[in-house]
Amino acid sequence: MNQKINQHIAYLMKEKGVNLIISQAKDSNGFVIPHFILSENDIISSVIAINEMRNFFAYLNKQEIKSFKSIGIVCNYFGVKTFFQLKFENQLKDLELFLLIPTDDDFIEITSEKQAEDYLSGLKQSTILVDEELENVKKMSMEERWNYWMKTLELCTKCYACRAACPMCYCSSCTTECNIPQWIPVPASLHGIFEWHVMRAMHLAGRCTECDECVKVCPANIPLNILNKGLHNKISEAFSSDDSSIKYALNFFQPDEKVDFIK
Amino acid sequence: MLNKQIHYSNQQLQSWVDGLIYKGKTVIGPVKKNGVTCFSEIKNFNELILNERTVYSAKEVVLPKYDILFKFAKEKDKVFISKNENSLNNVIVIGLRPCDNEGFDYLRLFFKSDPDILQKLNTFISVTIACEKKFDGCFCEELGIDKNYSNKTDVLIKTSENGYDIYFNDRGNEILSPQASDVKPAEIKKPVPNVSIDNKVAYLKKLSEQYNSEKWKIVSMGCLGCGSCAFVCPTCTCFDVQDEGNTQNGQRLICWDACGMGLFTKHASGHNPRPSQVERRRHRIMHKFVYTQDTEGKISCVGCGRCIAACPAHLNIYNQALQILQ
Amino acid sequence: MEDFEPKLAAFVCNWCTYAGADLTGTSRMKYPSNVRILRFPCTGRIDFMLVMKAFDSGVDGLIVSGCHPNDCHYTSGNFHAQRRWVVFKEVLDIMGFDTRRIFFTWVSAAEGAKWAKVVTDAVEELKKLGPYSEFKKILLKKLQFPLDNKTADREIKTEPVIS
Amino acid sequence: MSRIGVFICHCGENIASTVDCESVAKSASEIPGVSFSIDYKYMCSDPGQSKIKNAIIEHKLNGVVVAACSPRMHEPTFRKACAEAGLNPYLCEMANIREHCSWVHPKGEETTFKAFEILRMLVEKVKRNTKLLPIKVPVTKTAIVLGGGVAGIQAALDIANAGHKVLMIEKDPSIGGHMAMLSETFPTLDCSQCILTPRMVEVAQHPNITLYNYAELESLDGFIGNFKARIRLKAKSVDPKICTACGVCWSKCPVKKIPDEFNTGLSKRTAIYVPFPQAVPNKPVIDRTQCTYFVKNGKCGVCKKLCPASAIDFETKDEIIEVNAGAVVVATGFEIKHTDFFPEYGYGRYKDVIDGLQFERLASASGPTLGEIKRPSDGKVPETIVFIACAGSRDKAKGIEYCSKICCMYTAKHAMLYKHKFHEGKAYVFYIDIRANGKNYDEFVRRTIEEDDVNYIRGRVSRIYESNGKLIVKGVDTLLNAQPVEIEADMVVLATAIVANADSESVAQKLHIGYDKHHFLSEAHPKLRPVETNTGGIFLAGACQAPKDIPESVSQGSAAASKVTILFSNDELTREPQVAFVNRTFPPQYSSCTGCLLCIPVCPYKAIEKEEIKNRNGEVVKTVAYVNGGLCQGCGTCVAFCRNKSIDIQGFTNEQMFTEVMALNF
């Protein structure tokens, strides 16, 4: 990371009692990987473009990482969004977090929900997300869409990397692990894969931060962000009347709400 | 023993593969699906992707991600069982890499007492392509695997000037059915004792001395607990047995499982002897480099580097092992 | 397709649609016998996973019905369900699942005639659409009777169940 | 191992005429886990129930499916039968093969097959049923009575006399409500205060009743048997313990021109005041919105200087107390529409157009005129009075479609009282219908018309206007071919509509109970549960539910009291166990709930709360959701909402519903 951040990391570790920094680095193959800084000796400088950066908040769901208590995490816009959403969902309890967002040759530090909210509102994006692949899929006929997904999902091995890397998938035991009843069929047959991805999309609907980490880690290259973005758009479209203080569209409703397809 | 040798031009290679398909052989090879290179049945030579390492290893041919062991159905007071037969007769797997072959070799050792899988492993005919270059994250040579040669295959394809040198054994002979005049005897490469590799293997075994090392915690930090490393690995064999169905009918399946996942070792009681990623990661590294030395007599990592590419954190299993030993 | 009889399930809430279907019965109205009614306490209880499971168990179509908005016995269960269905339908739509086969309706306890119409219309629509073979294709095939000698290689006689 | 018993009812011919019950019973016996299967003509009859009971004992059944009518009809019957045979009643399920099958399909194989399939699904479900034990909730044997009108007084006295503690909350300085304002009561014409004040005193003196006058309910949490209420005790500025009610303060208070609410504005009161001489408790309070000391920042203070007991303290503040209670009786009463609601009658501009309540004060012996009927404008005794019934009521255009119920009677009473006091006077009553349906009510109205010579005109008044000091009342007499009628009156009394309290909506929301479109509080069932609300432990009494006369309010007060005492007759309360719960497991997981707490807003009953799981050292190890079984009504919305299935609902568990769905097995 840039020099200013590195200096600050050193400061945090020395003065603030931060004992773990989850930074980012590039490995020899050019992959962006997490870089764990446990002492000042681990600090390295690396150059990663802000949009190339990944969202490593999923690590904060790990008990071993949580036990560090005071953690710095280098992230970009999506990290802040994740932080905000996780706070809203009563996660990240007992953790003292320092979000470090690199800018051109400086950085922004965020430690509280308030700061995160200010940062995010400063970068207000359009509520409808545009994605080429999503547009393409939406243009297809129902049969084409079904075939498209069946072809894409065929390669899924249910390694659950999408789940593991997703910062919002923090459940200590996932529904897939529930075997009485066996909600999601265990075999990675098309049927089991289909149900898993429907469920994943449903559970993330309204909560997803669109960091696309699930797509980045998928060995089978499944464009899960089509589903995520599609649902995001649907929610902003259908429930746009909600005021901005409502952070989760699905546990809320407007009085006298009507839906046209329910006759 | 790849005791014979023949030279094919590009054209000849293609017509040979297309000929096999035409003859009704099931030819499986690396193809691109949804931007991902993986082994799948091909219908024509041009589908083959021969200059890339597949994302998923070739073990899928023998151990698919899920397989039906048998189906059962109940009628009145009788239960019927129908066993699933899927032999690999007539199957040719083309485009294997030497590491894949090492993987199959390990699987043969591992499944020595499972006649069904062993039979599958020994039935299909393997056609290997020697690697000219290293792929991202490959470290097979570090483990003493010759990326340019494999004597555990039926056919070996090596690029040469204006075409390919093809080495084959008797089984390979069957599918190549070459003109006798074209065939030359091949120089048989015998495994050369390699002291440095033996030393390395012995060195890796010292990992067991580091079982309680604090470094495992650091090594496992990046591990998120998904199953991608195990699912792409050519030598990962763990599976889960599942019954699907209802009181009337259903099937018993074996499905891939991965030691990185939290549920893998969880007991019915709720106790989990590997409660965190530290123990799970340690188990994986120890299994690949230490435990199978005791059980099968060799390390089970073949250095293909697929897990490094597939891992969300791109953890390098070999480097981590060395890091522990440092 | 002439003699295709669609298989239809209905997830209904106990207080409105179940009672409405009871009323259809007490008023002796007729509707096709293709439908199987499952009772839930409230539409809010109807998990989208159970909707998936209905298709797993081989239905060609599904009716999901409960109290009209503002009539929920539990005051707001159906409003939450409503939002859930908006999102769920979008997931299925994006994935190319045939959402024409899921019939979302509100039927109150007094609408016995509406229930009969909902079922009749659903069956008619499903007859037009035919069996949902696209989805059934991805299910693992079951062993079906009658078995021939080839498919069943072993036959086990079970003992009568002893407790 | 499942040993399910299957019982197929013919329901006479109702099922058997289209479903081949015998063959269903036969195929059912082949379902795995079914160990007994029988069909019978009437399963719900005594012999039918005995068959079930005998089979449970004989075959050691651990599950029962009765394929018969709708469970909404006979589920309790069969569950009770099972319980009598020693089987947990929740192991009994009903397959609806009558309303959902035999009645809606023609006779045929299809219908029989459907009956069998419905049965099979329920058999699969019942295999996953578990024994459920009724939930026991402790009961705090204290009742809150909200409102000190006649209904509240009756309820409070009845509960207190049954030996339970009562906390009465009255927003005004005195209890008594509207009834204390009335002059005489129909149909017996006994004096309202004479019959009410002894009751009011009894409330004040009853050892079991704690009276919080000048107080309001802030919030109510908890559930039946275990409510927690926060009560705001408004600052009275007078210490009632010291005050002797000598009267010096209110006689010397310089602020004397406040319209007296008790006398409906017909007289004035002071800023420190006792609302009426018979008030209970008979201690003054300072109306801080009017008192000079408070309005003008500490100027004045005359009362404090003069008070011989030094009971006045300007510094007292609103106090909020927290109390526990097991039940709440809501008796918040009603309001009436005032004359300014009626444009056709002059928007309340004419001083001599008054409402019924004002007439009550005029006719009351303790009223501003000491019982003489005098015009508010000039104090003259009116020679002609026009009474207009249904002023606003039964008028869709005014948004009040309902009948206010008591106006016919009190209008007759008013006319009669007027005629008794001023024999020469002329009284006219405009009415639409006369509704006098109570004991001695019609006789009373007849007496008014026949003996007291009150002129009843069937028709509506279209307009009132002033002319030469007279009120010209223009109306029609529909019994005389809609002939226009014009009466020169000295006073007009409008029997204005009874409406819900202005704060009725917010009270309902505080109590988590329902209200109708006119903001009257909703009863649980209009016929069978008239004093209960949809929220357990909260009961209604009096006109907060709908317009009511005194006897009705009193009987409803007693009814609510009896509901409360029934509730208090047990130390523990038994509830249906079909409630949601958050799973618990062993450490280190404790529960699969991750504590996202997004389910909290989903619950319509606020039954979900945050719970901290602590280890033996008292350290918080996990924060999870917790479903309060006392509040949960079993809708299951949270169950479907929970992402990782940490919440489940008894009786409709995930496992049961999953199995039932998979048993569709097409």
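Keep in mind that the numbers below use all heavy atoms, side chains included, and drop hydrogens, waters and symmetry copies. Every chain is numbered from 1 and lettered A, B, ... according to where its sequence line falls, protein lines coming before strand lines.
The minimum heavy-atom distance between B:Trp256 and A:Thr157, with the atom names listed, is CZ3-CG2, 3.6 Å. Heavy-atom minimum distance, B:Leu253 versus A:Pro187: CD1-CG, 3.8 Å.
Rounding to the nearest 0.5 Å gives a distance of 9.0 Å between CG of A:Asp27 and CD1 of B:Ile308. Expressed to the nearest 0.5 Å, how far CG of B:Asn34 lies from SG of A:Cys218 amounts to 8.5 Å.
Put simply, of B:Cys229, B:Gly35, B:Ser228, the one with the most heavy-atom pairs under 4.5 Å next to chain A is B:Ser228. Each of A:Pro223, A:Ser189, A:Gly192 has some count of heavy-atom pairs under 4.5 Å with chain B, and the biggest count is that of A:Ser189. Counting heavy-atom pairs under 4.5 Å between each of A:Pro185, A:Ala220, A:Cys162, A:Ala165 and chain B puts A:Ala220 at the top. Ranked by heavy-atom pairs under 4.5 Å with chain A, the first of B:Gln242, B:His314, B:Glu244 is B:His314. With chain B as partner, the option from A:Cys174, A:Cys156, A:Gly30 having the largest number of non-hydrogen pairs under 4.5 angstrom is A:Cys156. Among the candidates A:Arg163, A:Glu154, A:Lys151, the residue making the largest number of heavy-atom pairs closer than 4.5 Å to chain B is A:Glu154.
Looking at A:Asn221, both its backbone and its side chain come within 4.5 Å of chain B, counting heavy atoms on both sides. Proximity to chain B (any heavy atom under 4.5 Å) is shown, for A:Ile22, by neither the backbone nor the side chain. Of the atoms belonging to A:Tyr160, heavy atoms from both backbone and side chain fall under 4.5 Å from chain B. In this structure, chain A has no heavy atom under 4.5 Å from any part of B:Asn316. Contact of B:Cys255 with chain A is made through the side chain alone, with heavy-atom distances under 4.5 Å. Heavy-atom distances place no part of A:Cys166 under 4.5 Å from chain B, backbone and side chain included. With a 4.5 Å cut-off on non-hydrogen atoms, B:Ile218 touches chain A through its side chain but not through its backbone. Contacts of A:Arg54 with chain B are made by side-chain atoms alone, with heavy-atom separations under 4.5 Å and no backbone atom involved. Contacts of A:Phe68 with chain B are made by side-chain atoms alone, with heavy-atom separations under 4.5 Å and no backbone atom involved. Residue contact with chain A, scored on non-hydrogen atoms closer than 4.5 Å, involves the backbone and the side chain of B:Ala313 alike.
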* Show the numbers, then the answer: is there a side-chain contact (heavy atoms from CB on, under 4.5 Å) between B:Met221 and A:Ile65? => CA-CA 7 Å; B:Met221 260 181 157; A:Ile65 303 271; 4.1 Å; yes
* Show your reasoning for whether side-chain contact (heavy atoms from CB on, under 4.5 Å) applies to B:Lys65 and A:Ile193. => CA-CA 12 Å; B:Lys65 52 189 183 182; A:Ile193 297 167; 4.0 Å; yes
* Asked: Please walk me through it: do A:Lys158 and B:Tyr66 pass side-chain contact (heavy atoms from CB on, under 4.5 Å)?
  -> CA-CA 11 Å; A:Lys158 293 224 272 180; B:Tyr66 74 97; over 6 Å; no
* Determine, stepwise, if the pair B:Lys266 / A:Glu177 fulfils side-chain contact (heavy atoms from CB on, under 4.5 Å). => CA-CA 11 Å; B:Lys266 193 170 174 184; A:Glu177 293 170 6; over 6 Å; no
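In this structure, the side chain of A:Tyr59 does not engage the main chain of B:Leu224 through any donor-acceptor pair within 3.5 Å. In this structure, the side chain of A:Glu64 engages the main chain of B:Gln277 through a donor-acceptor pair within 3.5 Å. Side-chain atoms of A:Lys62 do not come within 3.5 Å of backbone N or O of B:Gly225 as any donor-acceptor pair.
For NZ of B:Lys215, the number of neighbouring non-hydrogen atoms (other residues, nucleotides, ligands) closer than 6.0 Å is greater than 12. The local environment of NZ in A:Lys16 is sparse, with at most 12 non-hydrogen atoms from other residues, nucleotides or ligands closer than 6.0 Å. Counted within 6.0 Å of CD1 on A:Ile180, heavy atoms from surrounding residues, nucleotides or ligands total 12 or fewer; the atom is thus considered open. Environment of NZ in B:Lys217: sparse, with no more than 12 heavy atoms of neighbouring residues, nucleotides or ligands closer than 6.0 Å.
Heavy-atom proximity under 4.5 angstrom to chain B picks out A:Val217 from residues 210-217 of chain A.
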